[in-house]
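Everything on this sheet refers to the single structure shown next.
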Amino acid sequence: MSFPLLTATAVLPAVGAVATAAVPAARRTAAKWLALLVSLATLVLAIVVMVRFDPGGARYQLTESHAWIADFGVRYELGVDGIAVVLIALTALLMPFIILAGWNDADPLETGSKRWRPTQGFFALILAVEAMVVISFEATDVFLFYIFFEAMLIPMYFLIGGFGDRAHAQGEEAASTQRSYAAVKFLLYNLVGGLIMLAAVIGLYTVAGNFSLAEIAQARANGTLHMATSTERWLFLGFFFAFAVKAPLWPLHTWLPNAMQESTAPVAVLITAVVDKVGTFAMLRFCLQLFPEASKWATPTILVLALISIIYGALLAVGQRDIKRLVAYASISHFGFIILGIFAMTSQGQSGATLYMVNHGISTAALMLVAGFLISRRGSRLIADYGGVQKVAPVLAGTFLIGGLATLSLPGLAPFVSEFLVLVGTFTRYPAIGIIATFGIVLAALYTLVLYQRTMTGPVKPAVATMPDLKARELLVVAPLIVLLIFLGVYPKPVTDIVNPAVKQTMSDVHKTDPKPAVEAAK
């Protein structure tokens with residue numbers, strides 16, 4: 001039997017989480033290094049997965065299939081297509097930076113304090129989330145996917161509620177209350193979505209008789225599985241609702257600003273750059289493949305909701321006074337672009353949406369982690385408490401600027417390519433929606449540049465006059481992300497070559513072809 005590479009990629013961080021949690025309480029530094037080494041080893045496995053994946057080969061590769069709960073048709077089935085491969089690579093890539101950025105976030109609050117933040121638990125929970133996200137990208141059994149789609153809520157709940165941001169102006173008691181509120185809101189929203197999806201998963205089993213994604217899709221293609229129109233639509237809505245909460249899509253987005261505001265910067269990155277991608281990925285893998293006709297039926301409504309997310313999220317970002325909430329609302333706008341690309345039902349749109357998932361993860365990580373370094377120095381999340389930072393910490397200000405410019409999709413940086421593809425793919429089929437969506441770019445420039453102007457330029461405020469610049473560990477976190485943003489902005493081909501064949505297969509699932517140009521090219 002060949003080496004179970006996909007299982008190893010998910011099991012390694014899970015085992016690392018248990019080992020990190022078991023490190024003695026006094027060995028905090030050892031726990032940090034163990035978590036970092038496990039994340040680096042997982043990255044190596046993810047690279048091996050990417051190298052071994054053949055974009056021109058079978059749809060699902062490196063497959064594993066074993067009987068699990070035979071009486072209910074549940075199997076342990078794993079497999080990756082091009083979309084899953086790049087998202088696994090993104091997850092594994094970001095984890096070492098998340099761990100390095102949060103190196104001191106779970107240390108004791110003060111020297112000699114009896115109140116300890118469990119360092120081992122913090123890093124163990126991060127690795128546990130990584131394991132669950134990776135196996136969610138790999139699962140081709142619907143029930144297996146559902147288990148880990150829901151299970152990842154547990155470590156995320158404790159990361160939000162138990163390890164919140166220390167930069168709180170209202171004292172520790174108020175901070176604890178707000179962290180608990182944000183964690184419970186996150187959990188309730190996602191649990192409701194998950195329970196609705198569970199009903200749809202059970203309904204799918206009663207119709208199909210098994211949970212295998214490949215078998216169900218093949219049966220539908222062969223005409224051996226007939227699903228009534230109303231049944232397909234209800235099942236689609238059950239799946240889509242859960243994914244729209246996770247994504248998040250307006251109006252199911254309200255948990256995200258609270259969760260990101262109250263989390264540490266690394267956990268905020270974990271939420272929006274890693275965990276939320278499971279929602280948009282699942283729309284491509286499950287909604288379109290299992291329910292093609294219902295996906296086309298729901299497309300007009302979903303496009304309108306995505307458009308509202310783009311404009312609404314950007315408008316609210318413009319008016320924010322809190323740095324983290326600004327990034328949260330900007331992410332809601334960006335997820336609107338991703339969902340717009342998915343349901344534009346064009347190859348450019350879906351390729352752009354997948355590339356957007358990757359590029360958004362890198363750009364948001366760069367911006368939010370630098371913002372976290374900034375906030376930890378000043379002890380405040382409020383934009384008004386900053387000014388003139390570029391004069392005292394030019395490297396910090398410069399990296400913050402590049403992260404911000406990537407967020408507004410400046411040409412030459414990675415998000416521009418993906419946003420351009422999404423808009424082109426949308427415009428070719430839905431020109432009015434494509435035109436309105438471009439206003440999100442204008443608003444992105446506004447909230448990003450205003451944020452930079454208010455925090456980094458102008459007179460140096462007394463509270464930031466002695467602010468230190470980025471240290472070696474912080475530069476080690478930020479510099480590779482900046483390099484990736486530039487590289488993928490200039491040369492996105494390595495990612496698109498992997499993604500495009502999977503997108504063509506998804507387009508075939510929904511029986512869609514790209515619209516022909518209105519004017520034929522001259523021969």
Side-chain angles (χ1 to χ4, degrees), residues 97 100-105 165-167 169 260-261 264-266 268-269 273 314 317-331 359-360 362-416 441-487 489:
F97 300 125
L100 276 173
W103 199 253
N104 300 319
D105 285 355
D165 190 358
R166 299 181 186 183
M260 289 186 66
Q261 177 183 0
T264 64
V269 171
V318 171
Q320 291 304 308
R321 297 181 296 174
D322 184 298
I323 296 174
K324 287 186 176 180
R325 289 184 73 89
L326 186 151
V327 178
Y329 280 111
S331 290
N359 293 337
H360 172 264
I362 299 170
S363 62
T364 298
L367 180 61
M368 178 57 82
L369 293 179
V370 176
F373 298 149
L374 178 69
I375 291 168
S376 66
R377 284 160 165 74
R378 174 65 177 82
S380 173
R381 301 189 302 251
L382 298 179
I383 297 172
D385 289 340
Y386 296 87
V389 174
Q390 68 179 11
K391 296 177 182 177
V392 297
V395 177
L396 188 155
T399 53
F400 189 82
L401 177 61
I402 295 174
L405 293 176
T407 298
L408 63 84
S409 298
L410 183 77
L413 296 176
F416 169 77
I441 301 175
V442 178
L443 293 171
L446 181 60
Y447 63 67
T448 300
L449 296 177
V450 168
L451 171 64
Y452 184 83
Q453 179 189 37
R454 292 178 177 175
T455 55
M456 302 295 164
T457 66
V460 179
K461 291 199 172 183
V464 303
T466 58
M467 180 178 289
D469 214 334
L470 293 183
K471 300 175 183 178
R473 173 180 60 85
E474 296 165 335
L475 281 171
L476 187 60
V477 170
V478 177
L481 297 175
I482 299 298
V483 170
L484 274 173
L485 287 174
I486 297 171
F487 175 78

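All values below come from the heavy atoms of this structure, side chains included, with hydrogens, waters and symmetry mates left out.
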Would you find a donor on one side and an acceptor on the other, under 3.5 Å apart, between the side chain of [X] and the backbone of [Y]?
| X | Y | answer |
| --- | --- | --- |
| Asn359 | Leu485 | no |
| Arg377 | Val464 | no |
| Arg378 | Asp385 | yes |
| Lys324 | Gly372 | no |
| Ser363 | His360 | yes |
| Arg381 | Ile375 | no |

Kindly give the heavy-atom pair with the smallest separation between [X] and [Y], and that separation in Å.
| X | Y | result |
| --- | --- | --- |
| Asp469 | Leu396 | OD1-N, 2.9 Å |
| Ala393 | Pro468 | CB-O, 4.0 Å |
| Ile402 | Ile482 | CG2-CD1, 3.6 Å |

Would you say [X] and [Y] make side-chain contact, with heavy atoms under 4.5 Å?
| X | Y | result |
| --- | --- | --- |
| Val460 | Met467 | no |
| Phe400 | Val389 | no |
| Ile383 | Asp322 | no |
| Val478 | Val395 | no |
| Phe373 | Thr399 | no |

| field | Gln320 versus Tyr447, side-chain donor and acceptor atoms under 3.5 Å | value | no
| task | Verify the neighbour count for atom CZ of Arg454: are there more than 12 heavy atoms of other residues, nucleotides or ligands below 6.0 Å? | result | no
| Does CZ belonging to Arg473 count more than 12 external heavy atoms closer than 6.0 Å? | yes
| note | The reported gap from OG1 in Thr455 to CG in Leu401 (rounded to nearest 0.5 angstrom) is 9.5 Å
| field | Approximate separation, where rounding is to 0.5 Å, of Leu481 CG and Phe97 CZ | value | 5.0 Å
| task | Give the intermediate values and the outcome of side-chain contact (heavy atoms from CB on, under 4.5 Å) for residues Thr448 and Leu367. | result | CA-CA 10 Å; Thr448 300; Leu367 180 61; over 6 Å; no
| Can Leu413 and Ile486 be said to form a side-chain contact (heavy atoms from CB on, under 4.5 Å), step by step? | CA-CA 5 Å; Leu413 296 176; Ile486 297 171; 3.8 Å; yes
